[in-house]
Undergrad: 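Dumping the structure here so I can ask a few things about it.
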Amino acid sequence: MSGAESDPSNAERTPEPRADVCVIGAGPAGALAAYRLASEGHDVVILDAGPRFDPDSRIERMERAIRPAHPDPEVWDMGGERDAYSSGGERFYPLNSSRVKGIGGSTLHWQGMVMRNHEADFERRTRDGVAADWPIGYDDLRPYYADAEAELGVAGASDNPFAPPRNEPYPMPAFEPSYSDSLFAEACERLGVSMHSVPNARNSETYDGRGSCVGYGTCKPVCPSGAKYSADVHVRKAEAEGARVIDRAPVQALETDRSGRVATARYATPGGSEYRQAAREFVVACGGVETPRLLLLSESADHPDGLANSSGLVGRYFTEHLFCGAGGLLDAETRQNHVGFLTSECHQFYDDPGQATEGTGGSIPGSDADLGPIKLEFLNYAGPSPVELAMGAAEFGDDLLDSLQDAYGHNIAMGGLVGQLPRKENRVTLDTSRTDDHGNPVPDIHWSLDDRTRRTIRRANEIQHAILDELGVDVGWTVGPENTGPAFHHMGTTRMGADPAESVVNPRLRTHDVSNLSIASSSVFVTPGALNPTLTIAALSLKCAEHVDERL
Amino acid sequence: MELTRRDALAALAGAGVVGASGAAVLRRDADGATGEPPAAETVETATAVAEVIYPAAVSNVPEFVETYLSGRLEARPEHRAGVEGAVAELDRFADAFYDVPRYVDLDADRRLTVLHRANVDENDPDPDGGPAERVRYYVVNDLLFALYASPTGGELVGIENPQGHPGGADSYQRGPK
Ligand SMILES: Cc1cc2nc3c(=O)[nH]c(=O)nc-3n(C[C@H](O)[C@H](O)[C@H](O)COP(=O)(O)OP(=O)(O)OC[C@H]3O[C@@H](n4cnc5c(N)ncnc54)[C@H](O)[C@@H]3O)c2cc1C
Ligand code: SF4
């Protein structure tokens with residue numbers, strides 16, 4: 001790796017002598033909070049468990065992403081003792097495929113779809129009689145959503161009739177729909193299904209000093225051009241505002257003083273030393289799994305069940321979005337795999353998943369079952385990428401080319417997301433039988449699905465099959481309730497609420513128990529909705545920063 | 001279909017060696033080489049492999065391979081050792097199966113047979129694996145990556161902007177020709 005990569009052993013990693021705020025975690029949640037607080041003139045120090053990656057290494061990482069010798073987690077150096085974990089629940093949870101540790105966090109690897117939650121997402125109990133309501137509503141988050149869209153740089157259009165109200169245009173125009181979207185559009189029209197654009201945290205034109213998308217097609221897990229937003233952008237901006245970043249500095253525990261406030265974050269360094277960073281305010285932004293783990297690791301005589309855990313809910317209500325999809329072959333060219341992102345989706349079945357539709361040439365029957373929200377996606381990367389196929393093939397020359405020509409060109413597919421109901425038994429705990437590279441118990445993920453989620457996935461499949469059938473697709477695969485998997489959105493685990501007995505943080509994102517400890521993360525989500533979470537994380541993080549600023 | 005200099009530069013750009021414009025390689029041509037060029041044997045052996053793993057429809061393979069390998073090995077010394085080691089393995093296979101000292105001395109049929117008999121086709125690529133796995137990773141897959149992530153290689157398959165090639169955000173909007 002080149003010189004810009006952080007030095008594993010020698011870099012200066014002693015604590016900042018004077019810090020107003022210590023932000024733990026340099027993913028989007030931590031980066032945005034740090035940037036905002038540094039911009040307000042506060043002394044901010046950011047600690048992250050992982051390294052600072054050299055931007056020049058991204059092309060090499062892209063090659064790793066395409067070449068079959070390198071599994072996905074290797075692209076961003078995930079795995080090993082640092083990232084050991086257990087998955088003790090009913091379903092296996094692939095933790096190391098679902099996050100990245102380092103400056104930028106999991107947005108280095110993410111897809112970059114960014115939507116505002118619908119109003120109904122905040123009122124699941126009131127509207128559906130399931131789960132719980134959030135203590136804040138869409139209107140409370142609305143200005144922060146606009147702010148977050150400007151910060152991330154979102155390319156979008158106001159063409160989604162099902163989206164919550166918005167006043168301001170998107171910062172950039174939406175990406176034009178793909179050719180395969182146009183194939184779907186005809187089938188959807190015949191069935192009475194609406195398509196609309198996907199808001200993308202990806203430059204459709206030059207924005208904020210970063211160039212527009214050049215079509216490498218490997219967005220997930222790496223965008224070599226920097227057109228896709230990743231949170232290292234805001235870490236650099238925070239530094240420009242005077243914040244200091246200490247990388248490869250996993251926080252081992254938060255330590256409280258006699259008044260019950262957090263006094264220091266104790267962190268390890270690659271050289272084998274431990275230091276204590278003092279600050280007036282602490283913001284934990286370690287993602288949905290490491291955030292509860294850190295609180296649980298911070299147990300002490302004063303906090304025998306872990307920090308901020310008087311409710312006993314730290315780690316509980318771990319939720320995910322489940323992928324559902326179907327695809328197959330069409331007797332026409334479908335032009336897939338030119339870019340690695342989506343241009344069209346459908347929120348028609350979000351607030352009313354059971355609705356029947358009627359179009360110009362057919363219909364989708366309704367359902368009166370109890371269902372959760374569904375988001376539908378029209379994929380631009382269905383089927384194999386020829387370059388990846390070639391490198392895995394067992395034949396060469398003209399035979400190989402023949403096979404590639406046979407395999408490429410006719411695939412088409414839909415995806416979708418469904419959010420599971422939060423359940424108390426789905427949780428992150430500490431597995432004391434295994435330790436990480438610093439001797440700390442590893443996180444143990446207990447994960448299972450409820451019947452309502454399974455039913456909703458089945459409904460999503462029904463709609464997807466109707467659309468694919470109408471299009472004339474020979475459906476070859478379906479991901480349904482039996483073979484579904486997580487969308488890699490960790491939520492729940494330190495839920496927000498007004499009642500300290502029922503939640504970990506209050507509506508101002510501060511923990512009920514500890515007066516100078518806030519959490520910026522999807523871990524505060526009360527319910528998951530079915531939309532990709534990061535814009536909401538970003539909005540909450542900006543709100544969190546505002547409240548921390550008010551206290552300083 | 002002729003593999004052009006633009007393909008080689010595009011492949012290099014995809015491999016992170018030069019900017020998408022190929023500026024570094026062009027500069028080197030003008031000013032004289034900065035890094036160490038690959039040994040002639042390395043280029044010859046890789047070309048001999050490319051000629052049997054690339055489809056017959058592509059031409060100008062030697063120049064393409066040379067431009068690609070030069071740029072890539074000069075820029076990535078740690079990769080260079082792997083490629084050179086894998087080339088040496090190919091010579092050992094040639095010796096073991098046909099009693100000739102160098103892979104390049106075999107005719108095309110035998111070059112392909114060597115790859116099959118040594119299980120380079122069936123083995124998973126692995127930079128740290130056994131001989132066949134390293135040949136697959138450092139020679140065969142390097143060359144397949146160079147070809148199929150380039151515009152010409154993509155077009156052979158039907159995609160003018162294959163994964164790994166920064167061909168812009170327009171091609172995905174276009175219908176079939
Ligand atoms: C493959 C994939 C695709 C995705 N696609 C999308 C998408 O299209 N849209 C969307 O909205 N979301 C998507 N996501 C999810 C998105 O990446 C996350 O929601 C987002 O990154 C979470 O932000 P965060 O800051 O809370 O956590 P993270 O980004 O995970 O960052 C947490 C940071 O905390 C650090 N950390 C952890 N523990 C410690 C410790 N003890 N001490 C110090 N530092 C610590 C880590 O090193 C890490 O850098 C995707 C995720 C994946 C993996
Ligand atoms: S398609 Fe665009 S956003 Fe995706 S990797 Fe390529 S340049 Fe980046």
Side-chain angles (χ1 to χ4, degrees), chain A residues 56-63 65-70 175-183 204 212-218 224-225 227 332-341 343 380-381 385-402 404-405 407-409, chain B residues 13-17 19-20 49 51-58 76 79 108 112 115-116 119-129 133 136-137 140-145 147-150 153-154 156-177:
Chain A
D56 289 345
S57 76
R58 287 192 178 186
I59 285 254
E60 225 173 292
R61 293 179 190 280
M62 176 188 73
E63 188 183 322
I66 297 175
R67 296 185 67 151
H70 305 282
F175 283 90
E176 291 296 324
S178 66
Y179 172 70
S180 69
D181 290 343
S182 72
L183 299 173
S204 60
S212 65
C213 170
V214 292
Y216 273 107
T218 52
S225 84
E333 281 184 56
T334 58
R335 308 271 301 161
Q336 300 291 300
N337 280 309
H338 290 247
V339 287
F341 60 92
T343 38
N380 286 333
Y381 40 81
S385 132
V387 52
E388 285 185 32
L389 267 191
M391 285 188 288
E395 55 198 349
F396 300 127
D398 287 346
D399 294 342
L400 172 58
L401 180 58
D402 284 348
L404 297 179
Q405 285 169 339
Y408 177 75
Chain B
V17 173
V49 174
E51 278 168 349
V52 297
I53 64 169
Y54 284 2
V58 296
R76 287 176 60 180
H79 195 74
L112 199 55
L115 296 181
H116 290 305
N119 280 330
V120 173
D121 52 350
E122 301 283 352
N123 264 296
D124 287 336
D126 182 353
D128 307 312
E133 290 158 327
R136 177 81 202 203
Y137 184 84
V140 171
N141 276 6
D142 249 31
L143 292 167
L144 291 174
F145 182 73
L147 175 64
Y148 286 109
S150 78
L156 283 172
V157 182
I159 175 170
E160 66 276 25
N161 181 21
Q163 214 182 32
H165 173 62
D170 301 324
S171 69
Y172 82 92
Q173 302 170 35
R174 288 197 287 269
K177 277 184 209 145

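As the structure is a computational prediction, the values presented were derived from the model and not from experiment. Lettering of chains follows the sequences in order, A, B, ..., and the numbering in each one begins at 1.
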Undergrad: Which answer fits B:V58, side chain, backbone, both or neither, if we ask what part of it has an atom under 4.5 Å from a heavy atom of chain A?
TA: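 Contact with chain A involves no heavy atom of B:V58 at all.
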Undergrad: B:G175, B:G154, B:A169: which one forms the most heavy-atom pairs within less than 4.5 Å of chain A?
TA: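 Highest number of heavy-atom pairs under 4.5 Å: B:G175.
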Undergrad: At a heavy-atom distance under 4.5 Å, which candidate from B:L147, B:L156, B:N123 has the highest pair count against chain A?
TA: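 Top option by heavy-atom pairs under 4.5 Å: B:L156.
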Undergrad: With heavy-atom distances below 4.5 Å as the criterion, would you say the side chains of B:Y137 and B:P127 are in contact?
TA: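 Yes; the side chains approach each other to less than 4.5 Å.
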Undergrad: Return the set of residues passing side-chain hydrogen bond (donor to acceptor under 3.5 Å, both in side chains) with A:E395 (not counting sequence neighbours), or none when no residue passes.
TA: A:S403
Undergrad: For B:D142, is it the side chain, the backbone, both, or neither that has a heavy atom closer than 4.5 Å to a heavy atom of chain A?
TA: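 Both parts, backbone and side chain.
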Undergrad: If you count heavy-atom pairs within less than 4.5 Å of chain A, which of B:P162, B:G158, B:G168 leads?
TA: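 Among the listed options, the one with the most contacts to chain A is B:G168.
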Undergrad: Between B:E160 and chain A, with a heavy-atom cut-off of 4.5 Å, which part of the residue counts as in contact: side chain, backbone, both or neither?
TA: both
Undergrad: Contact part of A:S225 toward chain B, heavy-atom cut-off under 4.5 Å: side chain, backbone, both or neither?
TA: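 Neither part.
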Undergrad: What are the two closest heavy atoms between B:V52 and B:A108, and how far apart are they?
TA: CG1-O, 3.5 Å
Undergrad: Is it the side chain or the backbone of A:Y381 that comes within 4.5 Å of chain B heavy atoms, both, or neither?
TA: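 Neither part, no heavy atoms under 4.5 Å.
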Undergrad: Kindly compute the distance separating CD (A:E60) from NE2 (B:H79), expressed to the nearest 0.5 Å.
TA: 9.5 Å
Undergrad: Working to the nearest 0.5 angstrom, can you tell me the gap between A:N380 CG and A:T334 OG1?
TA: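 Here the rounded value is 10.0 Å.
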Undergrad: So how far is it from A:L400 CG to A:M391 CE, rounded to the nearest 0.5 Å?
TA: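 The distance works out to 11.0 Å.
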Undergrad: Side chain from CB out, backbone as N, CA, C, O: work out which of these in B:V157 comes under 4.5 Å of a heavy atom of chain A, or both, or neither.
TA: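 Backbone plus side chain of B:V157, per the 4.5 Å heavy-atom cut-off to chain A.
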Undergrad: Checking B:Y54 against chain A: side chain, backbone, both or neither under 4.5 Å from a heavy atom?
TA: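 Interface part for B:Y54: backbone (N, CA, C, O).
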Undergrad: Under a 4.5 Å heavy-atom cutoff, which of A:R58, A:Q336, A:H338 has the most pairs with chain B?
TA: A:H338
Undergrad: Non-hydrogen atoms of chain A under 4.5 Å away: do they reach the side chain of B:D124, the backbone, both or neither?
TA: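 Neither part.
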Undergrad: Roughly how far apart are B:L112 CG and B:D121 CG, rounded to 0.5 Å?
TA: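 CG of B:D121 is found 8.5 Å from CG of B:L112.
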Undergrad: Name the option with the most non-hydrogen atom pairs under 4.5 Å to chain B; the candidates are A:V387, A:T218, A:L389.
TA: A:V387
Undergrad: Mind checking what makes ring-ring contact (aromatic ring centres under 6.0 Å, His included) contact with A:F396, not counting sequence neighbours?
TA: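 ring-ring contact (aromatic ring centres under 6.0 Å, His included) check on A:F396 returns B:H116.
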Undergrad: Starting at CD of B:Q163, measure out to OH of A:Y216 and round the result to the nearest 0.5 Å.
TA: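 With rounding to 0.5 Å, CD (B:Q163) is 12.5 Å from OH (A:Y216).
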